[in-house]
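Working notes, beginning with the structure itself.
So that the names make sense, note that chain A is the first sequence line, chain B the second, and so on, each numbered from 1.
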Amino acid sequence: MNMPGKSHPSPSLLRPIRRDRTLAPVRSARLAFTWSVTARCVLVILVFLFFAFPIYWLVTLSFKADTDAWVIPPKWTFAPTLAHYQKLITTWPFFTYYLNSFIVVCGALFVSVLLGVPLAYALARFKWRQTRNISFIILNQLMMPPAAVVVPFYLICRQLGILQTLWAPMLVYVAFTLPFITWIMKGFFESVPHDIEEAALVDGAGNFQVLWHIVLPLVLGALSSTTLLAAITIWNEFFFALVLTGTTTYTAPVAIMGLWTQYTVYWGSIAAGGVLISLPIVIVGLIVQRHLVTGLTFGAVK
Amino acid sequence: MKSTSQSVPTATSDTLEAGARLSFGRRIGLWLENEAVLGYVLMVPALLLIVVFIAYPFSLGVWMSLTDKLVGTPGKFVGLANFAKLLRSEIFYQAAWNTVVFTIAATVIKGVFGMWLAILLNRKFRLARFTRATVLLPFIVPTVLSGLAWLWMFDATFSVFNWTLKWMWQMEISVFGMALKENWGYFRGPLWLGSPALAMFSIILVNAWRGLPFFAITLLAGLQTVPPELYDAGDIDGTNEFQKFWHITLPLIKPIAVVVTVFSFVVTFSDFQVVYILTRGGPHNSTHLLATLAYQLGMTSGNLGEGAAAALFMFPILGLVILWQLFYLRREGSD
């Protein structure tokens with residue numbers, strides 16, 4: 001497909017000399033140091049609060065003793081305690097659920113990448129009528145509402161006898177991740193200059209060798225961004241996991257909701273579990289922020 | 001498929017004499033040199049999987065919507081009875097209307113604030129990287145967790161919002177120019193999830209909170225492709241900030257903005273988690289969306305046929321998006 005980003009006037013042509021863009025704002029800030037800078041600071045702080053506060057509030061909840069959590073008005077300062085974490089880990093098979101999530105992510109990613117990358121390459125490289133139709137179908141698959149297929153998936157998994165095993169969510173995640181990886185990787189493959197491939201072909205390399213030795217190394221970084229994005233989505237997935245897994249095979253997000261019982265809501269443990277679930281993904285996500293953004297934007301920006 | 005007839009003979013005649021001595025692996029390699037063969041070898045496994053795992057469940061869903069299947073019963077064909085039943089029920093119209101309100105409101109909020117945020121983040125300032133990382137946070141953190149965080153903040157008794165409001169009430173601080181003490185003779189905080197209108201507002205807020213990073217970061221990437229010379233030219237012509245945005249920025253990032261908006265629209269339209277965690281459709285079905293209604297009918301009540309029918313009502317709107325794509329992609333180019 002042609003990405004809309006292409007219709008831009010080519011930035012590289014319009015911008016032969018790339019100027020240091022830091023200069024202009026700093027200079028104007030010095031000139032008008034009063035109002036605009038203050039306003040911007042306030043804005044940035046507000047933005048920061050809006051995005052970070054809910055997370056912050058839950059993280060503090062996980063460290064609050066119940067006597068500090070269940071008070072009116074809410075406490076801003078408290079003596080931190082690890083009691084909830086301790087309780088979560090000792091009285092509850094939390095790490096089993098953690099491991100379940102991990103297995104499901106790895107399994108689904110393995111299959112999706114293994115099959116999705118070749119498909120993406122074929123769709124990007126061979127512009128036949130059929131490949132265009134397939135591209136269009138895949139783009140539409142990305143829009144499939146989970147609610148429309150959850151019941152059929154439930155029945156299929158029951159028929160296959162894999163309901164309440166880890167195979168069930170893995171299968172569903174492959175079904176949703178494969179089109180996703182295909183679509184994004186197709187964009188990356190299309191951005192590899194065709195000249196490179198042709199030069200290699202002229203030098204006597206075969207089609208398959210070109211893919212393996214030349215194109216694939218070029219998109220490896222992009223592939224890792226895409227995979228990471230897919231991993232985050234699967235790790236966080238809740239809807240299908242809720243329907244398809246059972247007591248021993250809950251993935252971590254579903255297990256957390258299990259602490260929300262009919263009688264009590266174990267807020268402290270929920271918060272602690274939530275922090276433990278988010279921790280790996282947040283750490284990885286923030287470390288490779290740049291790659292995350294590449295993956296996130298590639299569908300729209302070239 | 002012209003290439004098949006052309007390249008297969010060449011490949012075989014080249015290797016005819018050497019054929020006997022070629023190893024199996026080498027033969028496969030030569031066979032893969034054929035474009036058509038390679039193309040299909042690369043595509044078929046994934047396509048099979050997609051057909052089996054998406055097309056089949058979808059067809060099964062369509063079939064089930066035409067039966068009176070309950071959990072554990074085979075179900076028999078009832079034609080359009082499920083659809084007719086839904087169209088006669090009040091809750092369906094409520095859910096459909098809610099879906100429209102929720103999707104449009106959340107998408108507009110995300111679009112406007114996402115754009116604003118992208119412009120803000122595009123400036124260089126101290127802690128810019130840090131702020132960008134913070135903005136990404138709602139996207140990375142599992143929705144279950146952030147949903148629960150909001151639930152805790154909206155909690156009737158322990159709501160941090162209400163206690164902040166109460167504190168402001170006591171301090172006689174005014175909000176949006178209205179003095180709290182005059183408007184509320186005694187203090188009662190709003191029941192964020194307990195009253196229909198506020199509950200709707202709350203789920204839209206949480207959805208927007210979660211979806212904003214995607215908008216902001218994508219649009220930011222778009223903004224960074226706008227050549228700064230254009231703004232300098234604008235300065236020479238004496239444009240103000242708004243004119244620069246309207247006549248320079250917007251036209252240039254429009255293609256990206258359109259794609260992001262459509263994508264977000266689709267995702268918001270089929271959102272399930274936010275409602276499931278915050279309100280489960282309540283109070284009085286005032287926050288039921290088509291997706292949650294389908295789940296409740298199908299999975300919670302075990303009425304699989306009706307649930308499938310409710311989910312299918314989502315497709316007319318998605319169909320419009322697909323038509324738009326056909327049109328848009330065709331216009332965009334020959335690729």
Shortest non-hydrogen contact from [X] to [Y]?
X	Y	value
A311(B)	A147(A)	CB-O, 3.7 Å
L148(B)	I270(A)	CD1-CG2, 3.4 Å
F51(A)	T134(B)	CB-O, 3.8 Å
F139(B)	N236(A)	O-ND2, 4.3 Å

Any non-hydrogen side-chain atom of [X] less than 4.5 Å from a side-chain atom of [Y]?
X	Y	result
M43(B)	F126(A)	no
L60(B)	I156(A)	yes
L242(A)	Y276(B)	yes
V44(A)	F130(B)	no

If you count heavy-atom pairs under 4.5 Å between each of [options] and chain B, which one has the most?
options	result
Y154(A), F176(A), W235(A)	Y154(A)
V243(A), V254(A), V150(A), I256(A)	V243(A)
G273(A), G285(A), A175(A)	A175(A)
L171(A), V59(A), L123(A)	L171(A)
V149(A), I232(A), I137(A), N140(A)	N140(A)

Measure distances from [X] to the heavy atoms of chain B and classify the residue's part below 4.5 Å as side chain, backbone, both or neither.
X	result
F48(A)	both
I281(A)	both
Y56(A)	neither
V47(A)	side chain
L142(A)	neither
L114(A)	neither
L61(A)	side chain
V172(A)	neither
R125(A)	side chain
M257(A)	side chain
L211(A)	side chain

Out of [options], which one racks up the most heavy-atom pairs below 4.5 Å with chain A?
options	value
R132(B), M314(B), M64(B)	M64(B)
A133(B), A294(B), S59(B)	A133(B)
F269(B), W209(B), F315(B), F58(B)	W209(B)
W150(B), Y56(B), W63(B)	W150(B)
G298(B), P138(B), G61(B)	P138(B)
V135(B), I277(B), V62(B), D271(B)	V135(B)

Practice item. Applying side chain to side chain contact (heavy atoms under 4.5 Å, CB included), run through L115(A) and L49(B) and close with a yes or a no. Key: CA-CA 9 Å; L115(A) 299 182; L49(B) 210 91; 4.1 Å; yes
Review point. Could you name the residues of residues 303-310 of chain B that have a heavy atom within less than 4.5 Å of a heavy atom in chain A?
Key: L304(B)
Exercise for review: Side chain from CB out, backbone as N, CA, C, O: work out which of these in P45(B) comes under 4.5 Å of a heavy atom of chain A, or both, or neither.
Suggested key: both
Exercise for review: Could you go through the side chain to side chain contact (heavy atoms under 4.5 Å, CB included) check for F53(B) and L178(A) one step at a time?
Suggested key: CA-CA 10 Å; F53(B) 287 169; L178(A) 182 60; over 6 Å; no
Check your understanding: Going through the distances and angles, do F50(A) and L212(B) end up as a side chain to side chain contact (heavy atoms under 4.5 Å, CB included)?
Key -> CA-CA 11 Å; F50(A) 177 66; L212(B) 260 172; 4.0 Å; yes
Practice item. Flag the pair Y40(B) / W128(A) as yes when their ring centroid distance falls below 6.0 Å, and as no otherwise. Key: yes
Review point. When the aromatic ring centroids of F272(B) and F238(A) are compared, is their separation below 6.0 Å?
Key: no
Exercise for review: Check for a donor-acceptor pair, side chain of W57(A) on one end and backbone N or O of A149(B) on the other, with a separation under 3.5 Å.
Suggested key: no
Check your understanding: Can you check side chain to side chain contact (heavy atoms under 4.5 Å, CB included) on F136(A) and I322(B), steps first, answer last?
Key -> CA-CA 9 Å; F136(A) 185 69; I322(B) 292 174; 3.8 Å; yes
